[in-house]
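Notes for the one structure printed next.
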Amino acid sequence: MRLLLLENDELLGDGLAAFLRSEGHVVEWCKRLSDARLLVDEPWDALLVDWQLPDGSGMDWVRHLRRQSVQTPILMITARDLLSDRIHGLDAGADDYLVKPFAPEELSARVRAATRRAAGLGSQLLTLGDVEIDLSRRTVHQHGIRVALTAREWSVLEALALRGGRAVSRADLEAIIVGMDAEISSNAVEVHLYNLRRKLGKDIVETMRGLGYRLRT
Amino acid sequence: MTVRPSIQARLSKTVLLISLAGSLLTALMVGYVTRFAVRDLMDSTLQESAEILYGLVQPIASRIDVDTLVMPQSPHEERLIWQIAQGAGMPLVARSLRAPPEPLLAAPIDGFTDSPLGWRVRSMPLGVNGKFLFVAQRTGERELHEWQALVAIIGVSWLIGALSALWLGRRVRVELQPLERLSRAVQAYDPLDGKALPPTTRAELVPVQRSIEELGRKTARLIEQERAFAGHAAHALRTPLAGMDAQLAISAREAPPEIAQRLRLTRAGVQRLGRVVSALLSMFRSTGRLDPQPLELATLVAQLPALGVEYIVTQTGPLVADANLLVAALSNLVDNAVRHGAAHIAMRSVGDASGAEISIIDDGSGIDAETLQRLREGLADPEHGGLAGLGLVLASLVARAHGGRVWLDSSSAGTVVTLRLPLLPA
């Protein structure tokens, strides 16, 4: 997943970014609202936003994004724990609200849940014919046998799964891979898609001319 | 709780007693005086009558002889009677119709006397042949008049007494109303909502009201300072705690196994510290103001740390409490239970109209009898003296903030902590 983390605290931001990366996500960590504003138009699977930031209110920004019809799942991470704060945060348009201190594992699980909900998926388990994708455990089984995927292959598959049958552009898929590895070849997306089709059957990913790619439904 | 007598009840009782005693005393005194006045009045009547009769009879007294002359029947009822008696031995020479045929007095005197025949007699010498005039009234009739006067006086006195008691009682109630209003206003007074007490209408209550308001302002200032501190502390403490947790989580993943184990232990410590800090901040911030809401126990338990323990939640009836405080208390109790080897924790809430009881039942190693006794004493102590850990103290503070308390029970099969939370208006 591509996650935009907006947290000004060095210790927490660095720890969360490292933890989420270790979970296989692509994480862009911003310490200032102004930096996040420059990046928000990129394709993100979720935004993780702190409330109190040195150059503004994360909450106001979330409200602004929702007014701009940004649909990306947003999780507030904040030290403000009052019931009224939670209500305020959720009403502003956040999909979830996590009070510090929290375990990064919980944040990761809530990110999965929020993205799954946004994709209209009822559970973490996605079954496509004989292929079973477990978004929580990051595993793929075919005919009940586990299929080994590389981290990049998984990221491409996850990105497609989370779009819930809608097309993902080549540029978006490229952005996910770029985030994981600074140097990629110009045909990296095609290579990973080829490998996925080879491992899971050639019709697992459908090419939609001019639009991009989507998972078979 | 001791039931104290009310000022109004005491004053009303005193007023009633004074009124009744006063009217009784008045009745007795006035009755006593009136009795003599009535007697004097009746004696005066006898005297006047005797003098008039004397004037009529004296000129002809020498012509009235021993053959008793009895006056004919008169058209009026004869209340006073008269006799004319002749000298020593006192044979009668004349009498009125209702007068007895025998003389009222055996020996003549000049003045008032009571006849053994039951008459009050005014005897008067006529100055002719030792003749005497007796004018008399029945003693029984005189007593009847005395009693009638007495009864009327007592009746009127009691009536005045009763009316006074009613009126004074009403005055007492009316005069105590400002005090009652102030008392009600103080009960509903919340220094934190910024509203002053309603103005009092009695001079004596003004200093009381001022003192209460001043105390309220001081309390509000203190609480606001505490809350402001809690707000700053929340940010200053929560963010680095979350940061440490995240750093330790990723470090434990990346470190070689022998260091990873240490990092995991350190992380568990940081997480415990996080729960304690959260609980303390909740307590701090809630000072003086609870936010009671109808709650679902399952929702609260979902906010508790997982800690690898299995929760079994049951709830019957309502649970009204401050969610932040209750989560703070429960998370620290769960922490205690897990550190004492619990693998399963049953959370039970039983509520009714009078409040709710939440029990945290664990299957841990339990508490030995001596420690249990010490902990119970600590829970009963207003200062929680003797309680070393934070979990029970927090639970007790939270229960007390809700007007309740904590019970502790334990055996080798585990420990039960029960929080009694009387129902608070939401």
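Note on naming: letters A, B, ... go to the chains in the order of the sequence lines (proteins, then strands), and numbering restarts at 1 for each one. Model, not experiment: these values are computed from the prediction.
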Please check if the number of heavy atoms outside [X] that lie under 6.0 Å from its [atom1] is greater than 12.
| X | atom1 | value |
| --- | --- | --- |
| B:E383 | CD | no |
| A:R198 | CZ | yes |
| B:E224 | CD | yes |
| B:R348 | CZ | no |

Rounded distance (nearest 0.5 Å) linking atom CZ of A:F19 with atom CG of B:L248 =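 One gets 12.0 Å once the value is rounded to the nearest 0.5 Å.
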Exercise. How far apart are the closest heavy atoms of A:L12 and B:A246, and which atoms are they?
Worked result: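 Answer, listing the atom of A:L12 first, then B:A246: CD1-CB, 4.3 Å.
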Problem - Taking every non-hydrogen atom, the tightest pair across A:L11 and B:P240 - result: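 Result for this residue pair: CD2-O, 3.5 Å.
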Review point. Can you list every pair that meets salt bridge (charged side-chain N to carboxylate O under 4.0 Å, His left out) and has a residue in residues 253-265 of chain B, with sequence neighbours left out?
Key: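 Residue pairs passing salt bridge (charged side-chain N to carboxylate O under 4.0 Å, His left out), neighbours aside: A:E23-B:R253.
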*Quick one: salt bridge (charged side-chain N to carboxylate O under 4.0 Å, His left out) pairs with a partner in residues 312-341 of chain B, sequence neighbours left out?*
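The answer is B:R272-B:D335, B:R275-B:D335, B:D335-B:R339.
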With sequence neighbours left out, which residue pairs that include part of residues 307-351 of chain B fulfil the ring pair (Phe, Tyr, Trp, His ring centres under 6.0 Å) condition?
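Not a single pair qualifies under ring pair (Phe, Tyr, Trp, His ring centres under 6.0 Å).
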Quick check on B:T239 against chain A: is it the side chain, the backbone, both or neither that has a heavy atom closer than 4.5 Å?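 B:T239 touches chain A through backbone and side-chain heavy atoms alike.
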**Asked** For B:A249, is it the side chain, the backbone, both, or neither that has a heavy atom closer than 4.5 Å to a heavy atom of chain A?
**Response**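 Both the backbone and the side chain of B:A249 come within 4.5 Å of chain A.
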Exercise for the section: Using heavy atoms and a sub-4.5 Å threshold, report which of residues 86-114 of chain A line up against chain B, by residue number. Expected result: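 Listed by number: A:R86, A:V99, A:K100, A:P101, A:F102, A:A103, A:P104, A:E105.
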